[in-house]
Amino acid sequence: MGPRVRFAPSPTGYLHVGGARTALFTWLYARRHGGTFVLRIEDTDVERSSTDMVAGILDGLRWLGLDWDEGPEAGGPHGPYFQSERLVRYRAAAARLVAGGHAYYCYCSTERLRDEREKAEQCGEAWQYDRACLALPPERIAKLEAVAAPRAIRFKVPATRTAFDDAIHGRIEFDPRGIEDFVVLRSDKYPTYHLSVVVDDVDMAISHVIRGDDHLSNTPKHILLFEALGATSPVFAHVPLILGADKKRLSKRHGATSVTEYRRQGYLPGAMVNFLALLGWSPGDDRELMSVTELIESFSLEGIGGGNAVFNTEKLDWMNGQYIARLPVEELTAAVAPLLIDAGLWPNVGVDLQVRPADAWLHRLVDLLRPRAKRLTEFVDLARPFLTDTVEYEPEAVDQHLSVPGLGGHVAALAATLRTLDPFDEPRVEAAVRGTAAERGIKAGVLIHATRVAVTGRLASPGLFEVLVLLGRERTVERLERVVNLLATRT
Ligand code: GLU
């Protein structure tokens with residue numbers, strides 16, 4: 001039996017990069033050790049949870065390729081996997097804690113608790129619950145019960161010092177005197193996070209809890225609960241936080257934090273997974289580009305450093321560019337095509353695609369453009385000159401390359417040569433451009449730059465001869481002639 005691990009998001013927000021990285025580490029651990037990856041939705045906060053958020057989280061995990069073995073939609077022997085459907089279990093567990101002497105009823109009103117806290121604060125002291133209800137005489141309890149006074153259940157924190165070995169941070173000791181008798185079941189019969197998380201980790205036979213450092217201070221409470229429920233604590237691994245470039249905790253101030261947003265901005269899931277994996281984890285050598293298979297083979301909790309990781313957007317962009325460069329052209333085209341369709345550029349009925357089938361032509365275009373794209377969304381702009389017949393000339397391109405004296409005649413000569421060139425392939429197109437330049441007594445570069453501006457409107461493009469072949473003879477000649485006319489009207 002391999003390890004059983006879980007990712008337990010609260011659907012009170014989208015899947016942010018921190019959550020996604022925790023999910024990834026947990027998933028990698030399960031896959032590395034032939035374990036089970038459980039997805040559990042912690043939606044006991046009814047007011048702040050929403051089904052849209054659940055759908056968004058599932059969608060984000062799917063996009064990243066983090067499939068779960070048990071959980072929503074997948075089912076499994078330890079369901080239900082939504083905490084909102086498990087309330088009876090938490091109530092039963094709380095009752096068991098009371099019966100076992102590990103917890104007690106607390107009838108204190110919110111007002112009393114607030115007043116006591118404020119009083120202590122005024123004296124500059126931190127207040128801990130004073131166990132008022134632990135010492136209630138039986139007659140008083142009977143009276144309160146007779147009027148069905150609202151009651152919460154509080155855990156009776158034992159006084160003994162204890163410790164646990166965190167898989168990342170090592171041994172952590174804690175003094176329970178710093179922990180108040182915390183509520184496990186509220187007076188509305190809803191569990192607190194501490195109770196539901198522990199009851200579920202026990203019920204779902206979770207062997208390793210991998211979660212963010214922000215939960216480290218909760219873990220002593222959880223360990224006490226595991227003990228009180230007669231269960232063995234899982235191994236805990238608290239993953240350091242992700243910081244922005246300014247070393248502050250990653251937040252919206254730093255840009256996108258939602259996984260869906262990265263998808264929208266044109267990042268590939270493979271690149272995102274690779275990038276997230278290296279945020280705080282290292283394979284122990286200097287590898288950076290790693291496939292999912294390699295990540296699984298190399299993953300270990302020991303490889304997670306104790307320090308916080310910094311989210312470096314330039315590195316993500318670089319990595320995404322590397323993935324774009326390496327993706328099979330069919331897959332890349334499939335990822336780019338929806339963006340071109342959205343931009344109204346594909347399929348473009350106004351453009352007569354000269355090479356059939358159209359898909360093969362699009363593959364060639366995507367292949368030609370990919371060295372210049374760091375994100376999928378950049379393909380839209382790069383592809384524009386190929387998918388529309390309106391050439392938008394960049395002013396600086398015109399200034400730099402279309403103001404050469406006598407250029408109209410040179411371009412007209414090239415257009416004339418290309419009009420009858422057959423076949424219209426790269427070696428012949430190149431020979432034609434260079435030959436025309438030589439005949440006209442100008443440098444090849446002059447004609448190459450002018451031609452680039454004529455057909456793309458831009459200063460920069462992929463290799464010109466490939467560009468011309470992909471555009472085809474007719475459109476190339478037509479665009480050259482357009483520039484000839486333009487130059488004629490200028491003089
Ligand atoms: N629902 C908790 C959260 O989203 C998860 C806690 C845990 O992993 O134990 O922070």
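Order of listing sets the numbers, starting from 1, for every ligand and every atom in it. Nothing fancy with the numbering, it's 1 onward along the sequence. Keep in mind it's a predicted model, so treat the numbers as computed, not measured.
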Can you name the one residue among F174, F236, Y193 that meets ring pair (Phe, Tyr, Trp, His ring centres under 6.0 Å) with H222?
Y193
Starting from atom 6 (C) of ligand 1, which protein heavy atom do you reach first, and at what distance in Å?
Y193 OH, 3.2 Å
Look at R372 together with E378 and state whether they make a salt bridge at an N to O cut-off of under 4.0 Å.
no
Sidechain N-carboxylate O distance under 4.0 Å for E145, R151
yes
Can you tell me which residue and heavy atom of the protein come closest to atom 10 (O) of ligand 1, and the distance to 0.1 Å?
H215 NE2, 2.8 Å
Just to confirm my output: which protein heavy-atom neighbour is closest to atom 1 (N) of ligand 1, and how far is it?
E42 OE1, 2.6 Å
Top protein contact for atom 8 (O) of ligand 1, by heavy-atom distance
R6 NH1, 2.8 Å
Within a distance under 4.0 Å of any heavy atom of V197, pick out the atoms of ligand 1 and give their elements.
9 (O)
How close does the nearest protein non-hydrogen atom get to atom 5 (C) of ligand 1, and which residue and atom is it?
A8 O, 3.1 Å
Treating T26 as the side-chain partner and V5 as the backbone partner, does any N or O pair qualify as donor plus acceptor under 3.5 Å?
no
Output yes when D181 and K156 qualify as a salt bridge under the 4.0 Å nitrogen-oxygen rule, no when they do not.
no
